[in-house]
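Below is one structure, written out as structure tokens; comments come after it.
Chain letters run A, B, ... following the sequence lines, proteins first and then strands; every chain starts at 1.
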Amino acid sequence: MKLKTLVKEEKIEIRKEDIITFEKGLYGFESIKKYAIIHNENNPFNWLHSLDQEVCFVILDPRHVDENYDFEIDEETLSFLGADETSEFLLFCIVVIPDEIKNMTINLKSPIIINRKNNKAIQLILDEEQYLVKHKIVSEIMKGT
Amino acid sequence: MLVVTRKLGESILIGDDIEIIIVEQQNGKIKIGIEAPKNIKILRKEILEAVKSENINASMKKENIKLDNLQDILRNNSKKE
């Protein structure tokens with residue numbers, strides 16, 4: 001299908017195997033189930049773009065911000081995604097970009113995981129207390145430099 | 001909404017599998033114990049609300065964002081560390 005996006009001039013070709021399904025949607029967007037990831041050459045930032053509505057998010061693999069980012073995926077989630085311990089996942093968190101882009105934050109508390117085999121995805125809310133909903137990507141010390 | 005008054009140590013049962021126990025009460029804070037099957041999600045409400053609100057925030061004003069600019073910022077940030 002050809003997708004008209006909010007982020008590129010020309011329509012983008014989306015193949016069936018590119019379609020990511022969030023059976024539960026994203027928090028706050030529960031009715032939107034189908035998305036595609038729009039890549040940008042070698043840029044670690046990508047767009048997660050809805051296929052049925054004009055909604056899109058900037059996403060980033062959190063390990064670019066915290067290389068030790070790690071959490072447990074429970075049985076129920078594995079089962080929901082049709083996965084097991086051997087499955088491979090894509091991992092992303094949603095980035096919020098304010099007017100002053102240096103102040104951008106990433107939601108480490110609520111990652112998105114995608115089962116690479118079947119493109120089933122879910123947004124989790126982690127128990128781990130050290131991960132914040134608004135984690136500053138640029139640390140305060142750096143900003144002052 | 002069902003409102004129930006409990007004393008310390010007393011419980012409430014929800015369905016066949018969920019038990020809520022009043023464990024401790026001190027300084028206006030109440031410690032609540034929850035027994036529930038693993039497949040039931042248990043969350044502090046304000047966290048769920050914060051995540052929803054953050055997602056909504058994130059979905060706004062996309063027209064002016066250039067991913068290249070974001071990449072530059074990320075690169076500069078890691079260089080300095």
Check your understanding: Looking only at atom types and distance, does a side-chain atom of A:Ser50 sit under 3.5 Å from a main-chain N or O of A:Asp52, one as donor and one as acceptor?
Key -> yes
Review point. Given that the side chain runs from C-beta out, which part of A:Leu26 has a heavy atom under 4.5 Å from chain B: side chain, backbone, both or neither?
Key: both
Check your understanding: A:Phe29 ring centre to B:Lys52 NZ or CZ under 6.0 Å, with the angle to the axis within 45°?
Key -> no
Exercise for review: Name the orientation class of the two ring planes belonging to A:Tyr35 and A:Phe57 (parallel below 30°, tilted from 30 to 60°, perpendicular beyond 60°).
Suggested key: tilted
Practice item. Run the salt-bridge test on B:Asp68 and B:Lys66 with the 4.0 Å N-O cut-off and return the result as yes or no. Key: no
Point to revise | Partner of A:His49 by side-chain contact (heavy atoms from CB on, under 4.5 Å), out of A:Ile20, A:Ile12, A:Ile37, A:Thr5 | key: A:Thr5
Practice item. Report yes or no: does A:Glu30 contribute a side-chain atom to a donor-acceptor pair with the main-chain N or O of A:Gly28 at less than 3.5 Å? Key: yes
**Study point:** Which portion of B:Leu67 sits near chain A, non-hydrogen atoms under 4.5 angstrom
**Key:** both
Practice item. Kindly indicate whether the side chain of A:Trp47, heavy atoms from C-beta on, has any atom under 4.5 Å from the side chain of A:Ile59. Key: no
Check your understanding: Contact part of A:Leu60 toward chain B, heavy-atom cut-off under 4.5 Å: side chain, backbone, both or neither?
Key -> side chain
Exercise for review: Find the distance between CD1 (A:Ile101) and CG (A:Asp99) and round it off to the nearest 0.5 Å.
Suggested key: 10.5 Å
Review point. Tell me, side chain or backbone of A:Asp74 under 4.5 Å from chain B's heavy atoms, or both, or neither?
Key: neither
Point to revise | Interface residues of residues 104-126 of chain A facing chain B - heavy atom cut-off under 4.5 Å | key: A:Met104, A:Thr105, A:Asn107, A:Lys109, A:Ser110, A:Gln123, A:Ile125
